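All residue numbers refer to positions in the sequence shown, counting from 1. What you see below is based on every heavy atom in this structure, not just the backbone, and it leaves out hydrogens, waters and symmetry mates. It should be emphasised that the depicted structure is a prediction, and the values quoted were computed from it without experimental measurement.
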Amino acid sequence: MSPRPTGGLGLVRSSNAGKPTWALVGTGALAHARTDHVHTTDLEATTVDKQVLRAGVEDVMAALAHYSATLASTPGGAGWLHVQHVPVRRFVAEIVRKLLALNAWAPFASAPGPLTLAPYEGLVGLRSSSSREYLAYTVTWSGVAYLLGAAASHNPTRSTQLRNRDRTSTANTEPSPLPSDLGRQDVLALSWTSRHAATLTPVLAELARGRQRSLLLDLATDAAERCSAGSTTGTELRSAPSDLFTLSGTAEGLHRRDDEHVVQVGGHDVQLARLIRLLSVLLETSGGCTQPSWRTVVRAESWLDDMLSSTRPHTVLLSNDTSPLGVLAAHAAERHGANSVHVQHGAWTAESVAWPALHSRDIIVMGERDLVLGRGWARHPEAEVHVLGQPRFDVLAGLSRQAQRRYLEKLLAPGGRRAPARIAVWACQPFNPDHLKSHADLLLDGLAEADGDWGLVIAPYPAQGADAFTALVKADAGPPIAVADPRVGARGCLAGADVLASAYSTCGIEAALLGIPVLEIGSPGERTLGLTGHGLATRCEAAGEVAEALSGLRAGPAPIPRAALDAVCRWRGDSATRIARLITDRATSGPRADDSTHHHPGAAASPKDEGASVR
């Protein structure tokens with residue numbers, strides 16, 4: 001695990017004219033401190049109230065929108081904060097979390113005062129992450145002091161990590177200028193993760209059967225996330241220009257001079273002009289499809305405009321319209337008069353998204369419980385939400401459980417050795433190393449205590465580096481452990497498992513649909529998919545609870561009512577067909593599709609399958 005950027009600092013109380021002040025110093029000075037002091041890593045480990053954190057983030061984002069939303073826009077009129085809302089919000093959450101942690105430390109709470117930063121420390125750094133591509137930006141403690149008004153004459157905005165980081169290389173190797181042979185297309189689809197591709201390609205295949213021409217733009221910058229040519233039969237597949245996601249440079253308009261504008265967070269005055277300057281670091285150093293730089297956003301809009309003008313589709317199809325590229329595409333679709341359709345690709349909970357906003361006209365959700373969230377998050381004035389399931393799950397009924405079991409057994413017992421009698425699959429998320437280790441300890445201790453002969457197969461998240469689990473696999477004691485090929489993932493082997501464990505991987509829903517027991521793991525209060533509330537999983541917060549749940553599986557799984565499954569995902573094996581029908585009916589029937597959008601011969605439909613209007 002790489003050290004945190006603020007790991008070598010402590011906070012010490014001093015005074016100025018009798019008033020309390022607090023100075024950031026090297027940890028070596030803490031041993032000699034005679035006043036209140038704390039290591040910054042201890043502050044960062046402080047648990048903060050999630051509701052208070054969420055309210056603080058909302059306050060800062062509202063103040064940012066009022067203060068700076070018009071400082072920079074794309075040529076097409078998309079404001080910088082509108083497009084970059086997700087990465088900005090995550091960074092703001094880091095700031096608010098640290099300010100709340102500071103207030104939670106009793107010595108500071110009883111004698112609050114200004115902070116003096118550590119000279120020469122960068123103001124924006126990176127947190128540890130097991131993701132291959134995503135950069136987890138954070139504000140350093142010197143950055144916090146800067147936002148609260150401290151002088152920073154000798155502090156660069158970027159930490160050493162950021163200054164020394166090589167530009168992220170892209171998966172595209174050949175330039176892809178706008179082709180002249182595309183012609184008219186009915187549907188333009190965008191994908192930049194394997195989850196998007198697996199969700200959208202079944203719909204595109206159904207559209208092709210109905211003689212609808214589709215163009216799929218693969219914008220992935222991680223080779224493992226790319227669309228495979230074989231998965232898009234009947235669909236034109238093109239990549240973005242090879243240098244689209246390598247653009248860096250100054251974000252014009254976001255380098256503000258200090259002024260009197262502040263936003264209060266827990267009694268602290270955060271200077272908005274300084275916050276904008278720190279946010280400009282994200283927009284100037286980020287790269288890749290999940291965090292495009294501002295210059296990439298501007299160029300990507302121009303490229304999408306060219307694509308839309310050339311192909312003139314009736315529909316833009318997305319599986320994410322909340323992060324920068326999705327927001328940009330939904331905005332472009334609106335300007336070009338195309339309908340925008342969003343297909344939910346992962347499970348939603350009230351806390352599961354960085355920004356609760358959906359920008360498309362038609363929003364396809366998996367289950368009944370997603371209706372309320374979809375309605376609340378919709379931003380399009382004519383948005384409608386439709387419960388049509390998940391096209392990625394249509395193939396579940398045809399999976400070979402025997403073949404997937406053999407795969408798991410070979411992983412755990414290579415060379416023909418004896419495999420454990422029972423196998424658990426852990427569907428991971430790209431948490432930081434400490435968070436991953438806490439889940440691993442919970443599972444492994446529970447497996448060791450449980451009745452029976454258990455083994456564990458770790459299924460990395462698609463964007464997660466497999467090396468994050470190297471230390472676990474090399475462990476000498478405990479149950480046998482293996483790591484699945486990232487190209488297989490949890491959904492490629494879960495049908496062969498005796499149980500699936502995860503915090504909030506969508507694979508938990510797939511397992512529940514197949515009747516495989518699910519454990520929702522994590523510390524008390526940690527968010528999960530909420531399957532336990534529907535009777536589809538067992539919540540496990542301690543190793544003993546894992547052991548008890550595993551030991552109880554000998555009795556066999558209890559039957560699950562269809563209504564409980566439908567609440568989470570309407571699964572009939574025809575989601576792709578129904579979504580394709582909605583798209584084509586919308587294109588030919590005007591603003592509202594008729595009932596045939598939700599009913600077709602042979603479909604077991606019910607009133608609950610109807611599209612539900614948001615307004």
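- Judged purely by atom type and a 3.5 angstrom limit, Thr221 uses its side chain to pair as donor or acceptor with the backbone of Cys289.
- The pair Arg361-Glu382 meets the salt-bridge criterion, since a charged nitrogen lies less than 4.0 angstrom from a carboxylate oxygen.
- Side-chain contact check for Ile560 versus Leu536: some heavy-atom pair is nearer than 4.5 Å.
- Residues His314 and Val187 share a closest heavy-atom pair of CE1-CG2, 3.9 Å.
- A donor-acceptor contact shorter than 3.5 Å links the side chain of Asp394 to the backbone of Ser575.
- The side-chain contact (heavy atoms from CB on, under 4.5 Å) test applied to Pro75 returns Val298, Glu301, not counting sequence neighbours.
- A donor-acceptor contact closer than 3.5 angstrom links the side chains of His380 and Glu334.
- The residues Arg195 and Glu225 are annotated as salt-bridged, a charged nitrogen and a carboxylate oxygen being separated by less than 4.0 angstrom.
- The aromatic rings of His85 and Trp355 lie parallel to each other, their planes meeting at an angle below 30°, with 60° marking the opposite boundary.
- In this structure, the side chain of Asp321 does not engage the main chain of Leu358 through any donor-acceptor pair within 3.5 Å.
- The pair Arg581-Asp585 does not meet the salt-bridge criterion, since no charged nitrogen lies less than 4.0 angstrom from a carboxylate oxygen.
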Verdict with supporting geometry, Asp485 and Arg487, salt bridge (Lys or Arg N to Asp or Glu O under 4.0 Å)
CA-CA 5 Å; Asp485 188 319; Arg487 293 169 296 183; 2.7 Å; yes
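- Ser502 contributes a side-chain N or O that, together with a main-chain N or O of Ala427, makes up a donor-acceptor pair within less than 3.5 Å.
- Put simply, the side chain of Arg89 never gets that close to the backbone of Met61: no donor and acceptor are under 3.5 Å apart.
- Not a single donor-acceptor pair under 3.5 Å links the side chain of Asp370 to the backbone N or O of Val365.
- Between Ile583 and Arg586, the closest side-chain pair of non-hydrogen atoms is not below 4.5 Å.
- Glu284 is not listed as a side-chain neighbour of Ser248, based on a closest heavy-atom distance of 4.5 Å or more.
- Remark: the backbone N or O of Leu244 is paired with a side-chain donor or acceptor of Thr296 at under 3.5 angstrom.
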Residue pair Gln291, Leu282: steps toward the side-chain contact (heavy atoms from CB on, under 4.5 Å) verdict
CA-CA 8 Å; Gln291 295 171 304; Leu282 278 64; over 6 Å; no
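- At distances below 3.5 Å, not a single donor-acceptor pair connects side-chain atoms of Glu520 with backbone N or O atoms of Tyr504.
- Looking at Ser309, its side chain does come within 3.5 Å of a backbone N or O of Asp305 through a donor-acceptor pair.
- Interatomic distance, OG1 of Thr315 versus CG of Asp362, reported as 8.5 Å (0.5 Å rounding).
- Side-chain contact annotation: Ser505 with Arg491, donor-acceptor N/O pair under 3.5 Å absent.
- Here the CG atom belonging to Leu304 is positioned 8.0 Å from the CG atom belonging to Leu325, to the nearest 0.5 angstrom.
- Arg392 and Thr199 share a side-chain donor-acceptor pair at under 3.5 Å.
- Without hydrogens or angle criteria, Tyr137 side chain to Ser286 main chain gives a donor-acceptor distance under 3.5 Å.
- Here ring-ring contact (aromatic ring centres under 6.0 Å, His included) pairs that include residues 325-347, with residues two or more places apart or in two chains, are His196-His345.
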Between Glu206 and Arg209, does the salt bridge (Lys or Arg N to Asp or Glu O under 4.0 Å) criterion hold? Intermediate values first, please.
CA-CA 5 Å; Glu206 287 297 323; Arg209 292 188 185 99; 2.5 Å; yes
Determine, step by step, whether Asp243 and Arg299 satisfy the salt bridge (Lys or Arg N to Asp or Glu O under 4.0 Å) criterion, reporting the C-alpha distance in whole Å, the side-chain angles of both residues, the deciding distance to 0.1 Å, and the verdict.
CA-CA 10 Å; Asp243 60 347; Arg299 184 172 169 191; 3.1 Å; yes
Residues Asp566, Arg572; criterion salt bridge (Lys or Arg N to Asp or Glu O under 4.0 Å); working and verdict:
CA-CA 10 Å; Asp566 279 355; Arg572 307 289 189 274; 3.0 Å; yes
